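Quick notes on the structure that follows.
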Amino acid sequence: MRLTVIGVGYLGLTHAACMADLGHDVLAIDTDHERLARISGGEMPFFEPRLESLLRKGLETGRLRFTTSKEEIGEFGDVHFLCVGTPQGADGAADLSHVTHAADALAPHLRRGCLIAGKSTVPAGTARKLLARIRAAAPAGAEVDLAWNPEFLREGNAVQDTLRPDRFVFGITSPRAEALLRRVYEQPLAAGIPALTMGLETAELVKVSANAFLATKISFINAVADACEAAGADVTQLAAALAHDERIGGRAMSPGLGFGGGCLPKDIRAFRAAAASLGADSMVSLLGDVDEINKSRRSRVVDMARDAVGGSLAGKRVAVLGLAFKPNSD
Ligand SMILES: NC(=O)c1ccc[n+]([C@@H]2O[C@H](COP(=O)([O-])OP(=O)(O)OC[C@H]3O[C@@H](n4cnc5c(N)ncnc54)[C@H](O)[C@@H]3O)[C@@H](O)[C@H]2O)c1
């Protein structure tokens with residue numbers, strides 16, 4: 001199939017290279033032309049295991065190409081994957097300006113039936129508004145379909161997570177959209193990866209709920225760590241014992257500094273802001289607590305270090321073991 005990828009950041013570049021590896025013809029675009037030029041020369045903008053060789057392979061076979069022309073993108077794609085950033089905006093809500101700019105730039109060049117598949121993490125309701133906006137501006141009008149196909153990749157394991165995810169989530173409004181996504185992912189689906197089909201809003205919410213749950217698990221075990229410390233208990237032994245209960249599990253249950261990175265903090269704040277506007281008050285208070293517990297971990301670690309050296313860190317030499325966001329990341 002002829003696929004396009006709009007936005008070649010962490011998600012988009014991984015997606016583009018993996019789709020080319022599956023045998024599709026992929027054309028990708030980004031507003032950052034310097035980044036595009038470097039990637040077109042085979043240079044990785046970040047470290048991710050296996051991705052550089054997939055990028056080089058895609059470039060060599062000609063299955064993966066990059067352009068700065070929106071016209072070319074509009075004309076080329078049977079399916080357009082929207083992979084632009086959704087950073088944290090004022091008041092914590094997701095800043096959707098990159099998504100709307102990308103959609104507005106693409107729509108006038110959609111002259112034939114195609115599918116836009118959103119992969120960025122967005123609040124519920126975004127996709128439906130985007131569909132109306134794109135159809136109004138696209139010469140192909142109602143021949144343009146839109147699906148939300150959220151991405152669950154983990155940095156450090158991004159290639160494997162893209163080619164063999166735990167599941168695909170297809171938020172759709174038509175059988176045609178589902179059929180096209182099934183063709184895109186034919187190989188992993190044939191290998192037994194499940195695809196769950198649902199409405200647009202549910203698909204959007206699956207992604208933010210998954211991140212909210214992971215964040216909650218991490219803040220939970222860190223809150224338990226505080227209780228352990230006060231009681232003279234060992235939280236590591238406790239977590240190992242909890243992990244044997246299948247209902248709880250051991251993943252994302254390591255006490256420590258808390259969560260960071262480019263996704264969990266911004267995504268729980270965006271979900272919290274969206275929940276507030278939906279009137280989903282229990283989610284607002286739950287995620288507020290999760291965020292506060294997480295933020296307090298950092299000052300807690302500094303306090304512990306201070307206590308360990310007798311009250312003041314001033315003038316002390318501090319060694320930090322491990323600076324990466326997580327294993328296999330840069
Ligand atoms: N990085 C991850 O691990 C991960 C995992 C799952 C989901 N996500 C979600 O995927 C989305 C993208 O995340 P990311 O980490 O790849 O972000 P990123 O900042 O690394 O990349 C975004 C890219 O989009 C480009 N861009 C912005 N506006 C554009 C436009 N109008 N047209 C074309 N390109 C444009 C930027 O130049 C940039 O290269 C976010 O919604 C994020 O929450 C990220």
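Here the structure is a predicted model, which is why all the values come from computation and not from measurement.
Rounding to the nearest 0.5 angstrom, the gap separating the CG atom in N328 from the CZ atom in R154 is 11.0 Å. Rounded to the nearest 0.5 angstrom, K119 NZ and E151 CD are separated by 4.5 Å. Atom CG of L264 is separated from atom CG of N211 by 5.0 Å, given to the nearest 0.5 angstrom. The structure places CD of E52 at 10.5 Å from CG of L13, a figure rounded to the nearest 0.5 Å. A distance of 8.0 Å separates OG1 of T100 from CG of D95, quoted to the nearest 0.5 Å. Put simply, CD1 on I193 and CZ on F168 are 6.5 Å apart, with the number rounded to the nearest 0.5 Å.
Using modelled atom types, one side-chain atom of R135 and one backbone atom of V144 make a donor-acceptor pair closer than 3.5 Å. Between the side chain of Q187 and the backbone N or O of L22, at least one donor-acceptor pair lies under 3.5 Å. Listed for the N294 side chain is no donor-acceptor partner under 3.5 Å among the backbone atoms of V290. Of the possible donor and acceptor atoms, none in the side chain of H24 sits under 3.5 Å from a partner among the backbone N and O of A20. With R2 contributing its side chain and D25 its backbone, the two residues share no donor-acceptor pair below 3.5 Å. Judged by distance alone, the side chain of T202 and the main-chain N or O of M198 form no donor-acceptor pair under 3.5 Å. Formation of a donor-acceptor pair under 3.5 Å by the D30 side chain with backbone atoms of V8 is found in this model. Remark: the backbone N or O of A93 is not paired with any side-chain donor or acceptor of Q88 at under 3.5 angstrom. A donor-acceptor contact shorter than 3.5 Å links the side chain of S120 to the backbone of V84. Side-chain atoms of E48 come within 3.5 Å of backbone atoms of A158 as a donor-acceptor pair (strictly under, hydrogens ignored).
By the 6.0 Å contact criterion, CZ on R176 is enclosed, its count of non-hydrogen atoms from other residues, nucleotides or ligands being greater than 12. In the displayed structure, F46 atom CZ is contacted under 6.0 Å by more than 12 heavy atoms of other residues, nucleotides or ligands. Counting heavy-atom neighbours within 6.0 Å of E71 CD, excluding the residue itself, gives a total above 12. A 6.0 Å sphere centred on CZ of F220 holds no more than 12 heavy atoms belonging to other residues, nucleotides or ligands.
Under a hydrophobic-cluster definition in which Ile, Leu, Val, Met, Phe, Trp and Tyr are linked whenever side-chain heavy atoms come within less than 4.5 Å, directly or via other members, L181 and L3 are assigned to the same cluster. When the side chains of ILVMFWY residues are joined at heavy-atom separations under 4.5 Å, either directly or via intervening members, I39 and L54 end up in a single hydrophobic cluster. Tracing side-chain contacts under 4.5 Å through hydrophobic residues (I, L, V, M, F, W, Y), one reaches V79 starting from L163; they form part of the same cluster. L82 and V169 sit in two unconnected hydrophobic clusters of ILVMFWY residues. Membership requires side-chain heavy atoms under 4.5 Å apart, directly or through other members. Note on F259: it clusters hydrophobically with L287, by side-chain heavy-atom contacts below 4.5 Å among ILVMFWY residues.
Salt bridge D226/R297: present, at least one basic N to carboxylate O contact under 4.0 Å. Taking a cutoff of 4.0 Å between a charged side-chain nitrogen and a carboxylate oxygen, D291 and R272 do not qualify as a salt bridge. The existence of a salt bridge linking R128 and E201 is confirmed by a sub-4.0 Å separation between a basic side-chain nitrogen and an acidic carboxylate oxygen. Salt bridge status for R56 with E60: absent, with no side-chain N to carboxylate O gap under 4.0 Å. Salt-bridge check for R182 with E178: passed, with a basic side-chain N closer than 4.0 Å to an acidic carboxylate O.
Here the closest heavy-atom approach between residue S40 and residue L59 is recorded as O-CD1, 3.6 Å. The heavy-atom pair separating R35 from G9 by the smallest distance is NH2-CA, 3.4 Å. The two atoms that bring I268 and A215 nearest to each other are CG2-CB, 3.7 Å, heavy atoms only. Here the closest non-hydrogen pair linking K266 and G262 is CE-O, 3.3 Å. The nearest pair of heavy atoms linking C83 to G12 is CB-CA, 3.7 Å. Listed here is the closest heavy atom pair of P150 and A203: CG-O, 3.5 Å.
You'll find the side chain of T162 reaches within 4.5 Å of the side chain of M19, heavy atoms only. Contact annotation: the side chain of P45 never approaches that of Y10 to less than 4.5 Å [non-hydrogen atoms, C-beta and beyond]. Taking the side chain as every heavy atom from C-beta outward, I116 and I6 never approach each other to under 4.5 Å. Contact of the H98 side chain with the T86 side chain is not registered, since no non-hydrogen atoms from C-beta on lie closer than 4.5 Å. Put simply, the side chain of E143 does not reach to within 4.5 Å of the side chain of C114, judged on heavy atoms. Using a 4.5 Å cut-off on side-chain heavy atoms (C-beta onward), L51 and M44 make contact. V184 places a side-chain heavy atom less than 4.5 Å from the side chain of F81. With contacts defined as side-chain heavy-atom distances shorter than 4.5 Å, the pair L96/T126 qualifies.
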**Asked** Could you go step by step and tell me if S174 and D145 meet the side-chain hydrogen bond (donor to acceptor under 3.5 Å, both in side chains) rule?
**Response** CA-CA 8 Å; S174 74; D145 228 322; 2.7 Å; yes
**Prompt:** When you look at D78 and L115, which way does the side chain to side chain contact (heavy atoms under 4.5 Å, CB included) test go after all the steps?
**Reply:** CA-CA 6 Å; D78 301 318; L115 174 68; over 6 Å; no
**Request:** Apply side chain to side chain contact (heavy atoms under 4.5 Å, CB included) to the pair E72 and I29, showing each step before the final yes or no.
**Result:** CA-CA 10 Å; E72 201 186 346; I29 191 168; over 6 Å; no
**Prompt:** Checking side chain to side chain contact (heavy atoms under 4.5 Å, CB included) for the pair C228/V224: CA distance, chi angles, key distance, verdict?
**Reply:** CA-CA 6 Å; C228 281; V224 172; 4.0 Å; yes
**Message:** Could you go through F152 and D161, starting from their C-alpha distance and side-chain angles, then the distance that decides it, and tell me whether this counts as side chain to side chain contact (heavy atoms under 4.5 Å, CB included)?
**Reply:** CA-CA 7 Å; F152 299 92; D161 286 346; over 6 Å; no
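Remark: the T68 side chain and the H33 side chain contain no N/O donor-acceptor pair separated by less than 3.5 Å.
For K57, the salt bridge (charged side-chain N to carboxylate O under 4.0 Å, His left out) test picks out D21, with sequence neighbours left out.
Y185 and F170 have parallel rings, their planes meeting at less than 30° on a 0 to 90° scale where 60° marks the start of perpendicular.
When each of V5, L27, L110 is checked for a side-chain contact (heavy atoms from CB on, under 4.5 Å) with I73, only L27 meets the rule.
Under a cutoff of 6.0 Å and an axis angle of 45°, R38 and F66 do not form a cation-pi pair.
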Got a list of side-chain donor-acceptor pairs under 3.5 Å for residues 310-322, not counting sequence neighbours?
{"residue": "S312", "atom": "OG", "partner": "A314", "partner atom": "N", "Å": "3.1"}

